[in-house]
Amino acid sequence: MVEPIAQTDQLEGFFWFPRTLMNFERLCLGYADQPELIHAINRDLLDFNLGLLDRIFRVCPPSFVTLAEDFSYNHEPMISRATFDAFMARYYRELVPRLAERGIPVIADTDGDVTLLVPWLQSVGVDGVLPLERQAGVDGMKLREKFPALR
């Protein structure tokens, strides 16, 4: 009998996981007051995710991978592009190529209006986003027109 590898259907992302550990307010303060802590958390998460993927690849490579993030709110991201670039982009740039080399698309799971986030995510190799929340004003067809490479 094969033991379960993970108890989730997606990997935890570099905004989601620190927020889960610290809560949103402490995480936002941590970006300014404890950047080394945030980087340590994300480095450990990257190492965990890469190790987990190595185990998964031995059993059954996934068709796609979603990363839990939820860094958008109803009408805009909860963080700035500078924060994304400083605290998350480098970890995406190590994780995404491990999946891309196997032809596995990476999709960011982020609620709310994803429109401003799409270029950020594309810059680190993310292939798509979900969900496209109509109640947050996201028009899937307009998003596809604006970002044709997005899945």
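The shown structure was predicted, so the numbers you read here are calculated from the model rather than taken from an experiment. Numbers for residues simply follow the sequence, beginning at 1.
Each of E36, M22, Q34 was scored for a side-chain contact (heavy atoms from CB on, under 4.5 Å) with I41, with one residue passing: M22.
Taking hydrophobic clusters as Ile, Leu, Val, Met, Phe, Trp and Tyr residues chained together by side-chain heavy-atom distances below 4.5 Å, W120 shares a cluster with V129. Follow the hydrophobic side-chain contacts under 4.5 Å out from L50 and you reach F15 in the same cluster. With hydrophobic clusters built from ILVMFWY side chains whose heavy atoms lie under 4.5 angstrom apart, V126 does not share a cluster with L116. The cluster map of Ile, Leu, Val, Met, Phe, Trp and Tyr, joined by side-chain heavy atoms under 4.5 Å apart, puts V124 and L11 in the same cluster. Both L37 and L21 belong to a single network of hydrophobic side chains, linked directly or stepwise wherever heavy atoms of I, L, V, M, F, W or Y lie under 4.5 Å apart.
The distance from atom CZ of F17 to atom CG of N42, rounded to the nearest 0.5 Å, is 9.0 Å. The CG atom of D47 lies 11.0 Å from the CG atom of L95; values are rounded to the nearest 0.5 Å. Interatomic distance, OG1 of T110 versus CZ of F71, reported as 5.0 Å (0.5 Å rounding). Taking NE2 of H39 as the reference point, atom CE of M88 lies at 9.5 Å (rounded to 0.5 Å). In this structure, CD1 on I104 lies 8.5 Å from OG on S63, to the nearest 0.5 angstrom. One distance of note links CG of L117 with CZ of R81; it measures 9.5 Å at 0.5 Å rounding.
Judged by distance alone, the side chain of D127 and the main-chain N or O of V106 form a donor-acceptor pair under 3.5 Å. Distance alone, capped at 3.5 Å, is enough to place a donor-acceptor pair between the E69 side chain and the F14 backbone.
Classified by interplanar angle (parallel below 30°, tilted 30° to 60°, perpendicular above 60°), the ring pair F84/Y92 is tilted.
Heavy atoms only, all atoms of each residue included: P18 and L27 are closest at CB-CD1, 3.7 Å. Among all heavy-atom pairs drawn from V65 and P62, the shortest one is CG2-CG, 3.8 Å. Taking both residues in full, the closest heavy atoms of E101 and R98 are given as CG-O, 3.3 Å, listed atom of the first, atom of the second, then distance. Contact record, E12 with N49: O-ND2, 3.2 Å, taken as the closest heavy-atom pair. Scanning both residues, A108 and L121, for their nearest heavy atoms gives CB-CD1, 3.8 Å.
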Practice task
Decide yes or no on side chain to side chain contact (heavy atoms under 4.5 Å, CB included) for V118 and K146, but give the supporting numbers first.
Solution key: CA-CA 10 Å; V118 170; K146 189 171 183 177; over 6 Å; no
Practice task
Determine, stepwise, if the pair R90 / L46 fulfils side chain to side chain contact (heavy atoms under 4.5 Å, CB included).
Solution key: CA-CA 10 Å; R90 72 175 71 175; L46 174 66; over 6 Å; no
Practice task
Begin with the C-alpha distance, continue with both residues' side-chain angles, and end with the deciding distance and a verdict on side chain to side chain contact (heavy atoms under 4.5 Å, CB included) for D70 and R19.
Solution key: CA-CA 10 Å; D70 285 359; R19 186 182 68 180; 3.7 Å; yes
Practice task
Report the C-alpha separation of Y31 and I79 in whole Å, then their side-chain angles, then the decisive distance to 0.1 Å, and conclude whether the side chain to side chain contact (heavy atoms under 4.5 Å, CB included) test is met.
Solution key: CA-CA 10 Å; Y31 290 137; I79 56 171; 4.2 Å; yes
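Counting heavy atoms of neighbouring residues, nucleotides and ligands inside a 6.0 Å radius, atom CZ of F48 does not exceed 12 of them.
The side-chain contact (heavy atoms from CB on, under 4.5 Å) test applied to S80 returns A82, T83, not counting sequence neighbours.
Here the side chains of S123 and R93 are in contact, with some heavy-atom distance below 4.5 Å. Looking at T115 and K142, their side chains never come closer than 4.5 Å, going by heavy atoms from C-beta outward.
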